[in-house]
> 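Below you'll find the structure I mean.
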Amino acid sequence: MKLNIIPLRYLVRCSALMGLVTLFVGCGSFLTKDEPGFLARVGENYLYRDDVAKLLAKGISKEDSASFVTNYVNNWASKQLLLDKAKINLPEEKLAEYDALVADYRIDLYTRAYKEALVQQGGDTVISSSQLNGFYEREKENFKLKEKIVKLRFVELPKQFLNQDAVISKLKRFKKNDIAYLDSIGVQFKKLNFNDSIWVSATRIIQEIPPLTFENANKHLKKITIF
């Protein structure tokens with residue numbers, strides 16, 4: 001058996017971690033079952049042989065396999081080193097924001113895959129209440145909101161706006177003719193949002209409406225509140 005050791009010297013400048021990739025080449029298949037379980041390690045992260053083996057096309061030559069795996073391992077190690085650097089150097093609030101996005105994406109993947117599986121079972125599939133409740137109980141953690149969300153409509157008026165009382169009245173009542181009136185003078189508003197059927201995060205609202213803060217959000221952003 002031939003052992004090739006490929007040091008990622010060009011990555012050492014990016015991280016205090018030394019990236020070392022070890023590739024095992026046998027006489028038969030490029031990835032043989034009697035080799036160690038992982039191909040590469042960066043810090044506490046491992047790239048396992050089985051994960052890479054799934055990506056190899058059937059019937060691929062040993063030379064092409066070696067080239068593919070070497071490139072894949074190098075790319076994987078580069079990303080791991082950059083990820084480690086990002087976790088060290090990015091602000092905590094940014095890391096929290098990205099973690100929330102990843103969690104949301106994970107929920108989308110789960111729910112989309114579940115819907116597709118139901119469709120594949122057939123158009124006549126009926127989901128019982130007990131099945132729905134069971135799925136919710138098993139995946140409850142994936143359905144938790146990370147922050148308050150609300151539906152709202154609002155306008156921001158210029159300081160010297162003359163028809164303030166009319167706008168307040170029509171924004172509260174919000175009938176068809178009220179909406180038409182508000183739309184007709186909308187160019188005079190500094191900001192507006194009439195689409196109150198969309199759920200919006202409290203953080204986004206606080207950014208858009210300066211009088212609101214995280215301290216007073218619970219007071220103002222609650223059911224059927226007008227201010």
> Got a donor-acceptor contact below 3.5 angstrom from the Lys170 side chain to the Tyr181 backbone?
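Not a single qualifying donor-acceptor pair exists.
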> Keeping the roles fixed (side chain from Arg106, backbone from Asn142), state whether a donor-acceptor pair exists under 3.5 Å.
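Looks like no, no N/O pair under 3.5 Å.
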> With distance as the sole test, does Arg153 use its side chain to make a donor-acceptor pair with the main-chain N or O of Lys172 at under 3.5 Å?
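Yes, because the side chain of Arg153 sits within donor-acceptor range (under 3.5 Å) of the backbone of Lys172.
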> Give, for atom CZ of Arg173 and atom CG of Leu171, the distance between the pair rounded to the nearest 0.5 Å.
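Those atoms lie 11.0 Å apart.
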> Among Val167, Val155, Asn163, which one satisfies side chain to side chain contact (heavy atoms under 4.5 Å, CB included) with Ile185?
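The passing option is Val167.
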> Indicate if Ile107 and Leu145 have the same hydrophobic cluster label, given that clusters are the connected sets of ILVMFWY residues with side-chain heavy-atom separations under 4.5 angstrom.
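Not linked; separate clusters.
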> Working to the nearest 0.5 angstrom, can you tell me the gap between Phe214 CZ and Glu147 CD?
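Between Phe214 CZ and Glu147 CD, I get 7.0 Å after rounding to 0.5 Å.
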> Has the side chain of Asp104 got a donor or acceptor atom that lies under 3.5 Å from a matching backbone atom of Leu101?
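Between the backbone of Leu101 and the side chain of Asp104 there is no qualifying donor-acceptor contact (under 3.5 Å).
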> Tell me whether the rings of Tyr136 and Phe143 are parallel (<30°), tilted (30 to 60°) or perpendicular (>60°).
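It falls in the tilted class, 30° to 60°.
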> Grouping I, L, V, M, F, W and Y whenever their side-chain heavy atoms are under 4.5 Å apart, do Leu182 and Leu152 come out in a common cluster?
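Each belongs to a different hydrophobic cluster.
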> Can you check whether Leu212's main-chain N or O pairs, donor with acceptor, with Asn216's side chain at less than 3.5 Å?
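Answer holds: no.
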> Could you check if a side-chain atom of Tyr72 sits within less than 4.5 angstrom of a side-chain atom of Leu47, using non-hydrogen atoms only?
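Touching, per the 4.5 Å side-chain cut-off.
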> Does a side chain donor of either Thr203 or Ser201 reach within less than 3.5 Å of an acceptor in the other side chain?
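No - no donor-acceptor pair under 3.5 Å links their side chains.
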> For the CG atom of Leu221 and the CG atom of Asn218, what is their distance to the nearest 0.5 Å?
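Interatomic distance, Leu221 CG to Asn218 CG, rounded to 0.5 Å: 8.0 Å.
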> Hey, could you give me the CG/CD1 distance between Leu83 and Ile88, rounded to the nearest 0.5 Å?
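Output value for this atom pair is 10.0 Å.
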> Could you tell me whether the side chain of Arg138 and the main chain of Lys140 form a donor-acceptor pair under 3.5 Å?
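Such a contact is absent between Arg138 side chain and Lys140 backbone.
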